[in-house]
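All of these numbers come straight from a predicted model, not from anything done at the bench.
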Amino acid sequence: MTTDTETDVFEEHRPVLMGVAYRMLGRVADAEDVVQDAWLRWSGADRGDVREPRAYLVRITTRLAIDRLRQVKARNEAYVGPWLPEPYLTDFGDGVPDTAERAVLADSVSLAVLVVLESLSPLERAVFVLREAFGYPYADIAAMLDRGEAAVRQLAGRARKHVDERRPRYEVDPARRRELTERFLAAAGGGDLEGLMALLAPDVRLVGDSGGKSRAPLRVLETSDKVGRFLIGAAQKGVPDVSFQFVELNGGIAVVVLSAGKPDSVFQVDVYQGRIQSVYIMRNPDKLLSLVAPWSGGGSSVTNAV
């Protein structure tokens, strides 16, 4: 049996565990399952073997996430069309007061970075997440993964180089990103192709994730002409009883498109040097399930913390 104290300790660290699991998996439901499995391990653990609860729980969560990641990688081989991480409602709140730390946390959970992380091995991804997002020393990561410190440093270097080479450039200024998102929404919704083209970088990319379960491009669209014409065409087809909600997703502003009050799709843009560099559209209904509940609270983002 667990005591109230043991439950309180686990709940204190739950946001960190969820942050680790989601960055490892890119899926809210899978991350929640991993955290639940970590709770079961914690509730049955011999307290005499636990010197530092946070380190113990992060180690368990990381190892469980590595096992789960190996399973879902096989599942993704049969995925229809481009794959994007499941949208993750974030709110760093007062728990992360430092601007630099906020920027690191937001970047490590961004769609751009999570897509790149999919191409890492499970061990490389674990090391990258623990080191880059949460700042764990190499020695601690080595202990968590039962690897030598030198091997962990090699994994970290390889993962960092891979991510730096492949991540798109983008700016994190929230005000600028929101302004361009609002102009993007107005131009697309108003059928203003010229106005939309002025917002798009010449080499803009549009990634649509439907999983084959709704309408979205089955390949990545590139160039402002192709992306702009697709968006105008999609907007003209319309969504019944449409409304829009701005929320913080994956560390940045995003728009949830609602049909009769229920999530129909999500889009988010990456901005660099005043132009939209990437457009992400998520229409797989399975990935929108976690967005249903928040609207009862007026659309504010729920606190997943990190």
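Note: Glu165 CD to His162 NE2 = 8.0 Å, rounded to the nearest 0.5 Å. Put simply, CD on Glu86 and CG on Leu25 are 10.5 Å apart, with the number rounded to the nearest 0.5 Å. Distance check: Met24 CE to Ile66 CD1 gives 5.0 Å after rounding to the nearest 0.5 Å. From Asp8, atom CG reaches atom NE2 of His13 across 11.0 Å, with rounding to the nearest 0.5 Å. One finds the CH2 atom of Trp42 at 10.0 Å from the OG1 atom of Thr7 (value rounded to the nearest 0.5 Å). For the atom pair CZ (Phe134) and OG1 (Thr62), the distance works out to 9.0 Å, reported to the nearest 0.5 Å.
Hydrophobic clustering (ILVMFWY, side-chain heavy atoms < 4.5 Å, transitive): Tyr272 and Val220 are in distinct clusters.
In plain terms, the two heavy atoms of Gly274 and Leu180 that are nearest each other are O-CD1, 3.8 Å. The shortest non-hydrogen separation linking Pro85 to Tyr22 is CB-OH, 3.8 Å. In terms of heavy-atom proximity, Ala143 sits nearest to Arg59 at O-CD, 4.1 Å. Of all non-hydrogen atoms in Val9 and Pro53, the two that sit nearest each other are CG1-CB, 3.7 Å. The nearest pair of heavy atoms linking Met282 to Leu288 is O-CD2, 4.0 Å. The nearest pair of heavy atoms linking Arg125 to Gly26 is NH2-N, 3.9 Å.
Between the Arg177 side chain and the Val269 main chain, a donor and an acceptor come within less than 3.5 Å of each other. Using modelled atom types, no side-chain atom of Gln277 and backbone atom of Pro168 make a donor-acceptor pair closer than 3.5 Å. A distance-only check finds no donor-acceptor pair linking the side chain of Ser210 to the backbone of Arg283 [under 3.5 Å]. Under a 3.5 Å cut-off, the side chain of Thr61 and the backbone N or O of Val58 do not form any donor-acceptor pair. Although no hydrogens or angles enter the test, the distance criterion places no donor-acceptor pair under 3.5 Å between the side chain of Arg147 and the main chain of Ala142. With Arg63 contributing its side chain and Met144 its backbone, the two residues share a donor-acceptor pair below 3.5 Å. Asp209 places no side-chain N or O within donor-acceptor distance of the main-chain N or O of Trp83, the cut-off being under 3.5 Å. Checking side-chain atoms of Ser259 against main-chain N and O of Asp264 turns up no donor-acceptor pair under 3.5 Å. Looking only at distances, no side-chain donor or acceptor of Gln245 sits under 3.5 Å from a matching main-chain atom of Val257.
Between Trp39 and Phe10, the ring-plane angle classifies as perpendicular under the 30° and 60° cut-offs.
Using a 3.5 Å distance cut-off with no hydrogens or angles, the side chains of Asn284 and Tyr79 do pair a donor with an acceptor.
Surrounding CZ of Arg205 are at most 12 heavy atoms belonging to other residues, nucleotides or ligands under 6.0 Å away. The environment of CZ in Arg167 is crowded: more than 12 heavy-atom neighbours from other residues, nucleotides or ligands sit within 6.0 Å.
Using a cutoff of 4.0 Å between basic side-chain nitrogens and carboxylate oxygens, Asp37 and Arg41 are not scored as salt-bridged. Using a 4.0 Å cut-off between a side-chain N of Lys or Arg and a carboxylate O of Asp or Glu, Asp270 and Arg169 do not qualify as a salt bridge. Between Arg27 and Glu32, none of the side-chain N atoms (NZ, or NE/NH1/NH2) sits under 4.0 Å from a carboxylate O, so this pair counts as no salt bridge.
A 4.5 Å side-chain heavy-atom check between Leu231 and Phe184 finds at least one atom pair inside the cut-off. The shortest side-chain heavy-atom distance between Val204 and Ser278 does not fall under the 4.5 Å cut-off. Counting only heavy atoms from C-beta outward, the side chains of Tyr136 and Val129 never approach each other to under 4.5 Å. Within the 4.5 Å cutoff, the side chain of Leu249 has heavy atoms near those of the Leu89 side chain. Contact check for Arg158 versus Leu155: side-chain heavy atoms found under the 4.5 Å cut-off. Between Thr90 and Asn250 there is no side-chain heavy-atom pair separated by less than 4.5 Å. A heavy-atom distance below 4.5 Å is not found between the side chains of Glu132 and Ser108.
Between Val247 and the options Val266, Leu291, Val256, Ile253, a side-chain contact (heavy atoms from CB on, under 4.5 Å) holds for only Val256.
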